[in-house]
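Notes for the one structure printed next.
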Amino acid sequence: MNSLPEPTVVIVPGLRDHVADHWQTLLADTLDKVAIVPPLERDGLRLAARVAALDAVLADIDGPVVLVAHSAGVMITVHWAQQSDRPVRGALLATPPDFETPLPQGYPNAEELTANGWTPIPRRQLPFPSIVAASSTDPLATTRRVAGMAEVWGSRLVDLGAVGHLNPAAGYGPWPRAQELLDELLEMTGELAR
């Protein structure tokens, strides 16, 4: 019998505002213990503000946490992990963007990302177990670059196949694999999966 307390799942969105049909929102609706990092009303592109918002959510939680990050939320998480000593049981890091290479039209450019603190991408092992979920057709990062991130972070890499950026524009919506990977992460960290 497992005596560890059930962790709170902390949802770390990317740069989007709240999207009702995003897989993170739908996953959060199924969880008993969940907190969501809210969208910023100002300084939305500033990494330091995003990291501070994650830190504020974590400061309000007693007990263990597991992070579920998507897109720029992955970068927020790994930057936060480089400067915090708050224990985390693990993290699911889905489709991290490569902010060190040019992004498609409509996304922040390299100068904006650098000016707002997003680069360079941290290249140190994370202080907690993690799973990086990668897409072979992500317009924001190549499979090779994501595999390199997973390696330096000490993460287990999961190839999701052709899922685009794993967002509503790519057809996700519901993403049942998120719960499967979260359960796997909880098993890796000695937790019961619900």
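The analysis underlying the following values was restricted to heavy atoms, covering all of them including side chains, and did not include hydrogens, waters or symmetry mates.
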Stepwise side chain to side chain contact (heavy atoms under 4.5 Å, CB included) test for Leu140 and Asp98 = CA-CA 6 Å; Leu140 302 186; Asp98 181 1; over 6 Å; no
key: Any Leu166 side-chain heavy atom under 4.5 Å of Gln24 side chain   = no
inquiry  = With side chain to side chain contact (heavy atoms under 4.5 Å, CB included) as the criterion, how do Leu113 and Leu103 come out once you've worked through the C-alpha distance, each side chain's angles and the decisive distance to 0.1 Å?
reply    = CA-CA 10 Å; Leu113 291 168; Leu103 299 177; 4.0 Å; yes
message = Do Gln179 and Asp183 pair up side chain to side chain, a donor and an acceptor below 3.5 Å, judged on atom types alone?
response = yes
query = What closest approach, in Å, do Pro127 and Ala81 show between heavy atoms, and which atom pair accounts for it?
reply = CD-CB, 4.0 Å
Gap separating the CZ atom of Arg177 from the CG atom of Leu92, nearest 0.5 angstrom = 10.0 Å
message = Please give me the minimum heavy-atom distance between Glu6 and Pro64, naming the atom from each residue.
response = O-CG, 4.1 Å
ask   = Just wondering, do Pro108 and Leu45 contact through their side chains at under 4.5 Å, heavy atoms?
value = yes
task = Look at the side-chain heavy atoms of Ile, Leu, Val, Met, Phe, Trp and Tyr, link any pair under 4.5 Å apart, and say whether Val19 and Tyr172 land in one connected group.
result = no
request  = Answer whether the closest heavy-atom distance between the side chains of Met75 and Ile121 falls below 4.5 Å.
outcome  = yes
request  = Run the numbers on Phe128 and Leu185 for side chain to side chain contact (heavy atoms under 4.5 Å, CB included), then give the verdict.
outcome  = CA-CA 11 Å; Phe128 43 78; Leu185 184 64; over 6 Å; no
inquiry  = Is there a path of hydrophobic side-chain contacts, each under 4.5 Å between heavy atoms, that joins Val12 and Ile61?
reply    = yes
ask   = So does Asp29 have more than 12 non-hydrogen atoms from other groups sitting under 6.0 Å from CG?
value = yes
message = Taking CD in Glu112 as the centre, count heavy atoms belonging to other residues, nucleotides or ligands within less than 6.0 Å. Is the count above 12?
response = yes
message = Using side chain to side chain contact (heavy atoms under 4.5 Å, CB included), reason through Val132 and Val146 one step at a time and then give a plain yes or no.
response = CA-CA 8 Å; Val132 170; Val146 173; 3.6 Å; yes
message = Could you tell me if the side chain of Ile76 sits less than 4.5 Å from the side chain of Leu47, heavy atoms only?
response = yes
message = Taking ring-ring contact (aromatic ring centres under 6.0 Å, His included) as the cut-off, I'd like each qualifying pair that reaches into residues 141-166, sequence neighbours left out, listed once.
response = His70-His165
Close side-chain approach of Asp55 to Ser84, heavy-atom, < 4.5 Å = yes
task = Check Leu27 against Ala178 and note the closest heavy-atom contact, atom names and distance.
result = CD2-CB, 4.3 Å
inquiry  = For the CG atom of Leu93 and the CG atom of Leu157, what is their distance to the nearest 0.5 Å?
reply    = 11.0 Å
Thr143 versus Ser136, side-chain donor and acceptor atoms under 3.5 Å = no
note = Smallest heavy-atom separation, Leu182 atom then Val9 atom, equals CD2-CG2, 4.1 Å
Pairs where residues 73-122 contributes a residue and the test ring-ring contact (aromatic ring centres under 6.0 Å, His included) is met, not counting sequence neighbours = Phe99-Trp118
Point-to-point distance, once rounded to the nearest 0.5 Å, from CG of Leu15 to OG of Ser71 = 6.5 Å
message = Restricting to salt bridge (charged side-chain N to carboxylate O under 4.0 Å, His left out), what partner residues turn up for Glu100, sequence neighbours left out?
response = Arg123, Arg145
note = When every non-hydrogen atom of Ala162 is compared with those of Ser135, the smallest separation belongs to C-OG, 4.4 Å
query = Are Leu126 and Val37 grouped together when hydrophobic residues (ILVMFWY) are joined by side-chain heavy atoms under 4.5 angstrom apart?
reply = yes
Interatomic distance, Leu58 atom CG to Leu67 atom CG [nearest 0.5 angstrom] = 6.0 Å
message = Is there a path of hydrophobic side-chain contacts, each under 4.5 Å between heavy atoms of I/L/V/M/F/W/Y residues, joining Val88 to Val34?
response = no
inquiry  = Is any side-chain heavy atom of Leu186 closer than 4.5 Å to one of Pro7?
reply    = yes
task = Could you tell me which non-hydrogen atom of Pro139 sits nearest to which non-hydrogen atom of Gly164, and how far apart they are?
result = CD-C, 4.1 Å
message = Using the side chain to side chain contact (heavy atoms under 4.5 Å, CB included) definition, which of the options Leu54, Val68, Thr77 pairs with Val10?
response = Leu54
query = If we only count heavy atoms from C-beta on, is the Met188 to Ile131 side-chain gap below 4.5 Å?
reply = yes
message = Test of understanding: clusters of I, L, V, M, F, W, Y form through side-chain heavy atoms closer than 4.5 Å, transitively. Do Val51 and Met149 belong to the same one?
response = yes
inquiry  = Just verifying a value: how many Å separate Leu26 CG and His22 NE2, rounded to the nearest 0.5 Å?
reply    = 9.0 Å
request  = Starting from the C-alpha separation in whole Å, work towards a yes-or-no answer on side-chain hydrogen bond (donor to acceptor under 3.5 Å, both in side chains) for Thr114 and Thr119.
outcome  = CA-CA 5 Å; Thr114 298; Thr119 59; 2.9 Å; yes
